[in-house]
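Below: one structure, written as structure tokens.
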Amino acid sequence: MTPDCDRKTSLGEDSRSAQRTVELQNAAQAAPIQALFDRIAPIYDQLNDWLSLGQHRIWKQMAVKWSNCQPGDTCLDLCCGSGDLAQRLARQVGPTGRVVGADFSKAQLAIAQQRLEASSCPAIIDWVEADALNLPFSDAQFDAATMGYGLRNVTDIPRSLKELHRVLKPRAKAAILDFHRPANQDFQAFQAWYLNTIVVPLAEQFGLREEYAYLSPSLEKFPIGSEQMYLARQAGFSEATHYPIAGGTMGVLVVTKGSD
């Protein structure tokens with residue numbers, strides 16, 4: 001082997017080693033988040049109602065609309081939780097469509113399956129345990145995608161967006177719904193008051209104070225709308241628009257994959 005080949009081999013091994021180190025770090029950071037969502041699974045929907053004053057259903061329907069899913073489409077609901085957003089997608093794609101609900105929490109997926117069995121859902125929904133940073137799907141598999149309250153909790157937002165870009169078909173859209181820290185100081189103050197005096201004490205009644213106390217610090221670290229748009233374009237999306245709703249306490253990032 002020539003010296004140049006030795007050098008290329010060494011660089012390749014260094015790159016793979018660095019990538020493996022990042023994967024291990026992400027896995028270590030994700031483990032407590034995964035455990036958190038397993039613990040809150042039984043009352044996740046009830047607390048979402050309290051957290052959003054019952055408005056999360058409207059916001060999820062907006063995300064489905066902005067994903068531009070059509071009858072007969074194959075769609076992905078990433079970080080699907082208890083599956084209500086996936087069921088909304090299923091109603092949109094109809095009996096000829098298919099929805100995949102992916103989440104890393106086994107407890108959430110079990111509840112999603114129970115809810116599906118109790119519903120009159122018109123489309124097929126497959127529940128898949130999956131890591132948002134390393135999706136077990138082929139390239140260009142989905143016609144549309146949604147993601148509800150998941151991007152804020154992944155350990156590597158740019159990588160998650162790249163994976164989402166990879167599994168979407170050309171010209172496909174994804175709508176990413178999440179909580180945000182509003183720019184308006186009055187709304188910021190209200191959000192902080194509501195989380196600290198309403199949501200966390202309610203969660204404490206179920207022994208989940210620490211699990212919901214994480215919301216405020218997670219919002220502090222979460223990229224604002226313009227930053228999300230930049231990260232989406234860096235991930236390869238040709239278009240990215242962020243729509244603030246509910247006074248900026250909530251937002252939907254809508255991204256489009258190019259035609260390639």
Exercise. Passes side-chain hydrogen bond (donor to acceptor under 3.5 Å, both in side chains), Gln70 versus Asn68? Steps please.
Worked result: CA-CA 6 Å; Gln70 302 295 321; Asn68 198 37; 3.1 Å; yes
Exercise. With distance as the sole criterion, is a donor-acceptor pair present between the side chains of Arg152 and Ser218 under 3.5 Å?
Worked result: yes
Problem set entry | Test side chain to side chain contact (heavy atoms under 4.5 Å, CB included) applied to Gln87 and Ile125, step by step | CA-CA 8 Å; Gln87 286 199 35; Ile125 302 180; 4.0 Å; yes
Exercise. Can you name the salt bridge (Lys or Arg N to Asp or Glu O under 4.0 Å) partners of Arg88, sequence neighbours left out?
Worked result: none
Problem set entry | Partners passing ring pair (Phe, Tyr, Trp, His ring centres under 6.0 Å) against Tyr243 (at least two apart in sequence or in another chain) | Trp66
Exercise. Can you name the ring pair (Phe, Tyr, Trp, His ring centres under 6.0 Å) partners of Phe137, sequence neighbours left out?
Worked result: Phe142
For this session: Any salt bridge (Lys or Arg N to Asp or Glu O under 4.0 Å) involving residues 214-225? Give me the pairs, sequence neighbours left out, ordered by first then second residue.
Result: Arg181-Glu220
For this session: Indicate, with yes or no, if Phe179 and Ile224 share a hydrophobic cluster defined by side-chain heavy-atom contacts under 4.5 Å among Ile, Leu, Val, Met, Phe, Trp and Tyr.
Result: no
Exercise. What about Leu164 and Val154, same hydrophobic cluster or not, with Ile/Leu/Val/Met/Phe/Trp/Tyr joined at side-chain heavy-atom distances under 4.5 Å?
Worked result: yes
For this session: Using atom types as modelled and distance alone, determine if a side-chain donor or acceptor of Glu163 lies under 3.5 Å from a backbone N or O of Leu135.
Result: yes
For this session: Return yes if some donor-acceptor pair links the side-chain N/O of Glu239 with the main-chain N/O of Val255 below 3.5 Å, else return no.
Result: no
Exercise. Regarding Asp139 and Gln141, is there a side-chain donor-to-acceptor distance under 3.5 Å anywhere?
Worked result: no
Exercise. Are Val252 and His242 close enough, and set up right, to give a side chain to side chain contact (heavy atoms under 4.5 Å, CB included), and what steps lead you there?
Worked result: CA-CA 6 Å; Val252 180; His242 185 267; over 6 Å; no
Exercise. Is it the case that Lys173 and Ser67 place a side-chain donor and acceptor less than 3.5 Å from each other?
Worked result: no
For this session: Kindly indicate whether the side chain of Cys69, heavy atoms from C-beta on, has any atom under 4.5 Å from the side chain of Val64.
Result: yes
Exercise. Regarding Gln228 and His180, is there a side-chain donor-to-acceptor distance under 3.5 Å anywhere?
Worked result: yes
Problem set entry | Residues forming a ring pair (Phe, Tyr, Trp, His ring centres under 6.0 Å) with Trp127, sequence neighbours excluded | none
Exercise. Judged by atom type as modelled, is there a donor-acceptor pair below 3.5 Å linking the side chain of Asn196 to the main-chain atoms of Ala192?
Worked result: yes
For this session: Could you walk me through whether Lys257 and Ser238 pass the side chain to side chain contact (heavy atoms under 4.5 Å, CB included) test, one step at a time?
Result: CA-CA 6 Å; Lys257 185 171 180 175; Ser238 60; 5.9 Å; no
Exercise. Does a side-chain heavy-atom distance below 4.5 Å link Leu219 with Gln191?
Worked result: yes
Exercise. Quick one: do Val100 and Leu109 end up in the same hydrophobic cluster if we chain Ile, Leu, Val, Met, Phe, Trp and Tyr together by side-chain heavy atoms under 4.5 Å apart?
Worked result: no
Exercise. How about Ser82 and Arg115: does a side-chain donor come under 3.5 Å of a side-chain acceptor?
Worked result: yes
For this session: Is it possible for you to say whether Leu89 and Leu151 belong to one hydrophobic cluster, with membership spreading through side-chain heavy-atom contacts below 4.5 Å?
Result: no
Seminar exercise, completed: Taken in chain and number order and not counting sequence neighbours, the residues that satisfy side chain to side chain contact (heavy atoms under 4.5 Å, CB included) with Pro95 are Pro122
Exercise. If you round to the nearest 0.5 Å, how far is CG of Leu168 from CG of Leu76?
Worked result: 7.5 Å
Exercise. For the hydrophobic clusters of this structure (ILVMFWY residues joined by side-chain heavy atoms under 4.5 Å, transitively), does one cluster hold both Leu116 and Val93?
Worked result: yes
